[in-house]
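The analysis underlying the following values was restricted to heavy atoms, covering all of them including side chains, and did not include hydrogens, waters or symmetry mates. Here is the naming used below: chain letters follow the sequence lines, and residue numbers restart at 1 for every chain.
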Number of protein chains: 2
Amino acid sequence: MASKATSIDIAYRAGVSQSTVSRALRNSPLVNLETRQRIQAIAKEMNYKVDKNASNLRTQNSHTLALLICEDPTNDDSLINPFFLSMLGSITRATAQQGYDLLVSFQQLSSDWHADYEDSNKADGIILLGYGDYMDYAHKLEKLLEQNTHFVIWGAEHNNKSVLSIGCDNHQGGLIATEHLVKQGRKSIAFLGDASSRSPEFRDRYLGHCEVLKNNGLKVDKRLQLEAISTESSGFDAAEQLLDKGIAFDAIFAASDLIAIGAMRALKKHGINVPEDVAIVGYDDIPVATFANPSLTTIKQNTQLAGEIIVDSLLKLIRGQEVSGMLIPTNLIVRQSCGNIEEN
Amino acid sequence: MASKATSIDIAYRAGVSQSTVSRALRNSPLVNLETRQRIQAIAKEMNYKVDKNASNLRTQNSHTLALLICEDPTNDDSLINPFFLSMLGSITRATAQQGYDLLVSFQQLSSDWHADYEDSNKADGIILLGYGDYMDYAHKLEKLLEQNTHFVIWGAEHNNKSVLSIGCDNHQGGLIATEHLVKQGRKSIAFLGDASSRSPEFRDRYLGHCEVLKNNGLKVDKRLQLEAISTESSGFDAAEQLLDKGIAFDAIFAASDLIAIGAMRALKKHGINVPEDVAIVGYDDIPVATFANPSLTTIKQNTQLAGEIIVDSLLKLIRGQEVSGMLIPTNLIVRQSCGNIEEN
DNA sequence: CTGAAAGCGCTTACAG
DNA sequence: CTGAAAGCGCTTACAG
């Protein structure tokens, strides 16, 4: 191939200086309109594109954001959390809308990402999409802060208030889930999911759940809270354990859809009907929720909005504007597993 | 923040020239081992990272690949094809493994991507993950070829043999799906999916399907082939139409899992049992397939391998090495909807 | 409104 | 084994 055209080639063709070409292509009003348009036409004709490396080097920013998805290394490769994938989609879109490029990477806890993206000028800022409570890499976050790297984390609020965190309002999610169950007349509502501080997102959902119980004069029975991580099999096991206890219950609020799907399998195995005998509400609105049988009532996190807010906040941070953490409200999606019996 | 360290700062600290620093950091054997290690230690201590923009500008390559996911604009934003997401995961991993960065972008058919990524030196090559037959943007591909852009497309083989395409072997997938159904003793096997040249992937699956029928002395009944696009509702509709025809059938091969899930819903509505009355095989092995009830027997595309081959091929292309298109074999995943009745 | 010139931070021939 | 120097292709003060 003929070597790529540069601004000098355009300048030569247009009979102007290279500086004028540069100005014209950035649509600077300093350049005579007619000249500007002529130059732009020539550039287009020659398939000329500004060299990003040169322009970034000169301006010292990259117009690129990095999205680092921190994987749980124990996870199967193919089992990326579907919620994350949905976030990936919305972040990609939001980034593009702002005229930025997006670098995507999966990272292991062990690797050295904390000092790579912004320092090498690959990206102007970093979005961290991680699991759990970030405890395990708290010191990496500290290091990022120390180096004045621009970053935002998705999820629960971080201990260190300087860390900008954006997340969905898990407390409110738990609230509306259990409120819905209570409105359906359910009195003994089990909670499946880790309620410890190891899983702050799940715990907030649990706290919202408990709040509604108390407000409605229902007692919070610790025996109705079963540990579960966000997998189908863990949900199955938790429901089995719950049934083993022999305590009566008429509803389950599962901390994630996968847990709910597993629980439904256990209930079905025991001949318990959903929602007649036990109503279920899940969390996340993953695609499986729609196609489950019965379809799953769930709490939907607004990933579209979340992506926009994350990107927006990060860009503000980069520009040195004022930003603060934010909680994004969630919505109840009513399906057959609780509260929408008539539909098939 | 103190402005970022440069190689000159390191040179100053190490008492050597900037050139030596540059060589040492690239681990050049030209530099005395001891000096090299000392410089590397200092760089690490100062959190120094080579500026990518500068080094890319100098070397004229970006060590970055671009992944462009071409969206069907009619699709709901949130409904990115789960198969694509899985590919995204494997491509991300494979790219990182090769020491490259990955730029990800969703693109509309209408936009101007064809002349953007490589021309601006953002990426050394492009991976196109698209829908259907690429007919609609054939001219864009031509343009890419014309400009000697390095790119590889995922999916069906392209008319223009210069286009490097990597895809799963849809013909073989159709083959093993229908072979499995035939082995289960099924005789009247319907096919749900577009069999026209508009959907070359679906058509190849259909052709494999037909081949097996013929080889087993079963006749190919055109009335048992129903149009469907890859959505649950389209699968539902197709199955309804099939039932309306009143033709007996004892199995369905659905061109995608979503179609299969929709078809199962229709069958259930009509009181038809899966797999007893009608066995079903889907295609893709999306997560829903595992959790469907009955769980769905399906054809799995090896996305892990596919991602690696795509990245590998593209890098070869960039390096000017010999490459050719490739078909990746698929696997049958047997579940309850056909051939695995005992398990629950 | 336009041009000549400096400089972003590297890599790599060239010279020693 | 090391250093001085050129140059990758831009952007932008500076001067006119």
[X] [atom1] to [N] [atom2]: how many Å, rounded?
| X | N | atom1 | atom2 | value |
| --- | --- | --- | --- | --- |
| A:Asn32 | C:dG3 | CG | P | 11 Å |
| B:Asn27 | D:dC1 | CG | C1' | 15 Å |
| A:Arg26 | C:dC1 | CZ | P | 19 Å |
| A:Asn121 | C:dC8 | CG | P | 13 Å |
| A:Lys49 | D:dC10 | NZ | P | 13 Å |
| A:Gln18 | D:dG7 | CD | C1' | 14 Å |
| A:Met46 | D:dG9 | CE | P | 13 Å |
| A:Leu25 | D:dT12 | CG | P | 13 Å |

- Task: Using heavy atoms to find the nearest nucleotide of DNA chain D for B:Gly15 and B:Arg58 separately, return the residue whose nucleotide is more 5′.
- Result: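 Counting from the 5' end, the first nearest nucleotide belongs to B:Gly15.
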- Query: Starting at the 5' end of DNA chain D, which residue's closest nucleotide do you reach first, B:Leu57 or B:Arg23?
  - Reply: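 It is B:Arg23 whose nearest nucleotide is closer to the 5' end.
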Taking 4.0 Å as the cut-off, does a side-chain nitrogen or oxygen of [X] come that near to OP1 or OP2 on [N]?
| X | N | value |
| --- | --- | --- |
| A:Tyr48 | D:dG9 | no |
| B:Ser17 | D:dG3 | yes |
| B:Ser7 | C:dC10 | yes |
| B:Thr20 | D:dG3 | yes |

What's the closest nucleotide to the side chain of [X] if the choices are [options]?
| X | options | answer |
| --- | --- | --- |
| B:Thr59 | D:dC10, C:dT12, D:dG9 | C:dT12 |
| B:Leu30 | D:dG9, D:dT2, C:dC8 | D:dT2 |
| B:Ser19 | D:dA4, C:dC10, C:dG7 | D:dA4 |

- Query: Charged N to carboxylate O below 4.0 Å: is that the case for B:Asp312 and B:Lys316?
  - Reply: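 Result for this pair is yes, salt bridge flagged.
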- Using a strict cut-off of less than 4.0 Å between a Lys/Arg side-chain nitrogen and an Asp/Glu carboxylate oxygen, indicate whether B:Glu308 and B:Arg93 qualify as a salt bridge.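 Result for this pair is no, no salt bridge flagged.
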- Query: C:dG16 pairs with which nucleotide, Watson-Crick or G-U wobble, both distances below 3.5 Å?
  - Reply: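 In the structure as shown, C:dG16 has D:dC1 as its Watson-Crick or wobble partner.
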- Just by distance, with hydrogens left out, do A:Asn53 and B:Gln60 show a side-chain donor and acceptor under 3.5 Å apart?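 Judged by distance alone, the side chains do not pair up.
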- Item | Side chains of B:Ser62 and B:Asp124, donor plus acceptor under 3.5 Å |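 A pair is found: one side chain offers a donor N or O, the other an acceptor, under 3.5 Å apart.
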- Would you find a donor on one side and an acceptor on the other, under 3.5 Å apart, between the side chain of B:Ser17 and the backbone of B:Thr20?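 Checking the backbone N and O of B:Thr20 against the side chain of B:Ser17, a donor-acceptor pair under 3.5 Å is found.
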- Item | Interatomic distance at C1', C:dG16 relative to C:dT12, whole Å |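 Nearest-Å result for C:dG16 against C:dT12 at atom C1': 16 Å.
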- Task: Classify the nucleic acid contact of B:Ser22 as base, sugar-phosphate or nothing, counting any heavy atom under 4.0 Å across all strands shown.
- Result: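 Here B:Ser22 touches the bases of the nucleic acid.
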